[in-house]
There are 4 protein chains.
Amino acid sequence: MSLTVKSKVEVPELIERRRGQIIAAAIELFAKNGYHVTTIRDIAKRADVSIGTIYQYVSDKEDVLFLALIEVLDSYQRHVPAAIASVSEPLARFHAAVKAYCAVNDAMIGATVLAYRETKSLPKMRRKLIQEKELATNRLIAACINDCVAAGLFEEVDVELFTYQIVMFAHAWALKAWRFRPMMTLDDYLARGIRLMLNPKLTPRGKKAFAKLND
Amino acid sequence: MSLTVKSKVEVPELIERRRGQIIAAAIELFAKNGYHVTTIRDIAKRADVSIGTIYQYVSDKEDVLFLALIEVLDSYQRHVPAAIASVSEPLARFHAAVKAYCAVNDAMIGATVLAYRETKSLPKMRRKLIQEKELATNRLIAACINDCVAAGLFEEVDVELFTYQIVMFAHAWALKAWRFRPMMTLDDYLARGIRLMLNPKLTPRGKKAFAKLND
Amino acid sequence: MSLTVKSKVEVPELIERRRGQIIAAAIELFAKNGYHVTTIRDIAKRADVSIGTIYQYVSDKEDVLFLALIEVLDSYQRHVPAAIASVSEPLARFHAAVKAYCAVNDAMIGATVLAYRETKSLPKMRRKLIQEKELATNRLIAACINDCVAAGLFEEVDVELFTYQIVMFAHAWALKAWRFRPMMTLDDYLARGIRLMLNPKLTPRGKKAFAKLND
Amino acid sequence: MSLTVKSKVEVPELIERRRGQIIAAAIELFAKNGYHVTTIRDIAKRADVSIGTIYQYVSDKEDVLFLALIEVLDSYQRHVPAAIASVSEPLARFHAAVKAYCAVNDAMIGATVLAYRETKSLPKMRRKLIQEKELATNRLIAACINDCVAAGLFEEVDVELFTYQIVMFAHAWALKAWRFRPMMTLDDYLARGIRLMLNPKLTPRGKKAFAKLND
DNA sequence: GATGAATGAGCGTTCATTCAT
DNA sequence: GATGAATGAACGCTCATTCAT
């Protein structure tokens, strides 16, 4: 029940269109100023609708946040598959997926930060749904990794953590934009990141030292 | 000017003690409920001081957030050096540093999330100061990496990105606690993460394929 | 002007039918929840018409209240004469009238309370009209009393106040339903009330004492 | 719990004074314009306090209504005993009690009407408390009646209904002020009412007819 | 004649901040 | 130096009313 958003208007295409306006404005403002600082009046003005109209399509402000976060997470989920659809070679698919995921994050840096900032403002059930959507996107990455392993291109690898390494790498571009943006382009970031994640770090001597450390 | 917090009380030891109470309460409440949801009243009650007293040591609510975030970032900065002070072997130092950084994050998950959620609520100058403190902590990690490279234990590596990989790995334990906590212990997480980050992922065949990809 | 309710629709039978629906729903909801708490939306839903339709037959919400109160008062006025039409003996007529008036109040307790609660929400002119309808009903009772006096069945009596005593007795069954309903049936209430109102209270000694008191 | 009103201020004499201001203003405005039409801003202005101050002493608007109704009911309860305290002769006490009760109603006609209009706006538990206060006042009247019966001044009488007859008589002066005020003074009303309620209405012939009616 | 999406004035309420004590 | 009662701007939200279809 609390996972669906009630509308006083029943016409589906109207709901879609109006909510589209409202949520787009909300994402923009939430991303820039934060959820609590943004007022319904701000959103109404930005979306070019009246306050009353917002409340025709949504029960309260929290609904707007919920819909905004869903939209953000869904947009990840839409872009990654599209980017890898035409690529079949496993390593190329992996690369395309990581690239696409970084690109989405780059295109909506504010939205990614928003998800980190405000998911906690949601009640537990709704937060869980957002998290499930994150996991669904993660699975797209994990599948690419598994394919590479199956194709003998990757060593046996800790898929769960490797997936998160990639996810955090992509998110870091948004979360630490203040650091990376002035230093490099997204393409540089991607190339350097891929190299970092795929190549060994330990020298043969380092390997031995590491083995001893773990005794 | 905006980088220092004004106090109406002048006695330094009083400032230290009172602010200590106030900021400890604030971190706790901000971490649990968020900055905007927490009221000055809440903080006063939790810190067992009056509302008026808070305003003797701070100009406004934002000052409290600023001091709280400084305290959080400083506490990272204090713990990591302490953990590696007695370790001299480079790889062991590296390992101890990562472990310590993860441990701090584990000990104050709420505070780490708080930093991600609310740094943006600060004006630019203050945000920069917080970011500089983050960079200072990062440099501790980077130094350990450089030492390992210098000692011939690590291959030449992209230090900037490797550092962030480690930082994000530690933060992920807090940011994605909903995912990791039910799956594994911090020790497991650390061991699996270290292995993932230090070992190669590409097979020889994978290496060739990767090289071709980058032509 | 303000005593008539404007309609945008001109067909009389349509006005009658639609207003019938609307007012019935309004009385029900006003009685249960009060005038201000009830919304036009509520009434529209209950009456199974659209909001727009209500405004075709009525200028504003206050018109609905006005029509609702008129309907309530008129319904008293319709029921009492019907109940005494076939009774000719004065005392029996009196008894039948009181009984009928109590019965109407019992049948629509909510409506009686509504009249007491919300008549004041009407502008002066309209309130006066409602009051005039109350007086018209009172006159039905007063006529019965006068007939009994004329027939030598009642002593000379203060008709104005006796009438109101009966009216308040009937209304009290609705206004103090929380008290009377759990204690007795309407028939008991009526029997005990009639006995109380018609019989003497003072003993001979009491009469003397009372006379002395008024010197 | 819902029967007590929470205050953010703890000093009892301050609570008493401030609530006194607020409730006096509220009774005045609720009586004149009704509960729902009166705004917190109106009350604040009338009470010469800020909006915020009202919410220091009360949790919400409904609390104000609750306190207002309690004050009204309590004021009945205070005045009636005071008026009969010095009178010992039973019939004189009865007369003084009725007179006092009517006088209180006359002094605060708006408040009496308010109680009739808005008690229903309270949640069940609070409504019950108000009703209990009404019953407590009724018992004062009932006691006077019983004393008169015990003293052999009144015939055996239906005390419950006689009490309500008197209560409704007093309330009617307020509820039907639009009718009585222009016709007579309160003293006339009282004298005529007492006479009506204490004297017999049936003639000997009427008594016989009445007996026959009840066969 | 019927509809219901759109509107925005205005409500109840909160809470950072001040300042007299 | 410490207190907390007082303040009022500004928030989220409602709902009577309108009008294009």
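Here is the naming used below: chain letters follow the sequence lines, and residue numbers restart at 1 for every chain.
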S.K.: Whole-Å distance between dT7(E) P and Ile22(A) CD1?
M.R.: 10 Å
S.K.: Quick one: Ile43(D) CD1 to dG12(E) P, roughly how many Å, whole number?
M.R.: 8 Å
S.K.: Looking for any heavy atom pair under 4.0 Å, which part of the strands does Thr38(C) touch: base, sugar-phosphate only, or nothing?
M.R.: sugar-phosphate
S.K.: Return the pairing partner of dA16(F) with a 3.5 Å limit on both distances, Watson-Crick or G-U wobble; otherwise return none.
M.R.: dT7(E)
S.K.: Among Asp60(D), Ile22(D), Val58(D), Ile54(D), which residue satisfies the side chain to side chain contact (heavy atoms under 4.5 Å, CB included) criterion with Ile40(D)?
M.R.: Ile54(D)
S.K.: Could you tell me how far apart Ile15(D) (CD1) and dA5(F) (C1') are, to the nearest whole angstrom?
M.R.: 12 Å
S.K.: Are Lys61(D) and Tyr35(D) in a cation-pi contact, defined as NZ or CZ under 6.0 Å from the six-membered ring centre and within 45° of the axis?
M.R.: yes
S.K.: Distance only, no hydrogens: is a donor on one side chain within 3.5 Å (strictly under) of an acceptor on the other, for Ser121(D) and Arg126(D)?
M.R.: no
S.K.: May I have the distance from Lys61(A) (atom NZ) to dC11(F) (atom P), rounded to whole angstrom?
M.R.: 9 Å
S.K.: Determine, for Asp63(A) against Arg19(A), whether the closest basic-nitrogen to carboxylate-oxygen distance falls under 4.0 angstrom.
M.R.: no
S.K.: Write down the partner of dT21(E) under the Watson-Crick or G-U wobble criteria, each distance required to be under 3.5 Å.
M.R.: dA2(F)
S.K.: Which atom names give the shortest non-hydrogen contact between Ile23(C) and Ala68(C), and what distance separates them?
M.R.: CG2-CA, 3.7 Å
S.K.: Measure the OG1-CG distance between Thr39(A) and Leu29(A) for me, rounded to the nearest 0.5 Å.
M.R.: 8.5 Å
S.K.: Which nucleotide in the set dT14(E), dT3(E), dA5(F) lies at the smallest distance from any side-chain heavy atom of Gln56(D)?
M.R.: dA5(F)
S.K.: Looking at dG12(E), dT17(E), dA5(F), which one has an atom nearest to any side-chain atom of Val9(D)?
M.R.: dA5(F)
S.K.: Rounded off to whole Å, could you give me the NZ-to-P distance for the Lys45(A) and dA10(F) pair?
M.R.: 13 Å
S.K.: Rounded to whole angstroms, how far apart are CG on Asp48(C) and C1' on dT3(E)?
M.R.: 13 Å
S.K.: Can a side chain N or O of Arg18(D) be found less than 4.0 Å away from OP1 or OP2 on dA6(F)?
M.R.: yes
S.K.: How many whole angstroms separate atom NE2 of His36(C) from atom P of dC11(E)?
M.R.: 12 Å
S.K.: Find which nucleotide of DNA chain F each of Leu14(B) and Ile40(C) is nearest to by heavy atoms, and output the residue with the more 5' nucleotide.
M.R.: Leu14(B)
S.K.: Could you work out which one of dT17(F), dG4(F), dG8(F) sits closest to the side chain of Ile51(D)?
M.R.: dG8(F)
S.K.: So which nucleotide from dA5(E), dC13(F), dT7(F) ends up closest to the side chain of Val11(A)?
M.R.: dA5(E)
S.K.: Name the closest nucleotide to the Asp60(D) side chain, picking from dA16(F), dT17(E), dT13(E).
M.R.: dT13(E)
S.K.: Is the distance from OP1 or OP2 of dA2(F) to the nearest side-chain N or O of Ser50(B) less than 4.0 Å?
M.R.: no
S.K.: Is Glu62(C) touching bases, backbone alone, or none of the nucleic acid, heavy atoms closer than 4.0 Å?
M.R.: nothing
S.K.: What is the distance from CD1 of Ile54(A) to C1' of dA6(E), rounded to the nearest Å?
M.R.: 12 Å
S.K.: Is the phosphate of dG1(F), meaning OP1 or OP2, less than 4.0 Å from a side-chain N or O of Tyr57(B)?
M.R.: no
S.K.: With a 3.5 Å cut-off and just heavy-atom distances, do the side chain of Arg41(D) and the base of dG12(E) make a donor-acceptor pair?
M.R.: yes
S.K.: When you measure from the side chain of Thr53(C), which nucleotide among dA2(E), dA6(F), dG1(F) comes out closest?
M.R.: dA2(E)
S.K.: Kindly say if Tyr55(D) contacts the phosphate of dG8(F), meaning a side-chain N or O under 4.0 Å from OP1 or OP2.
M.R.: no
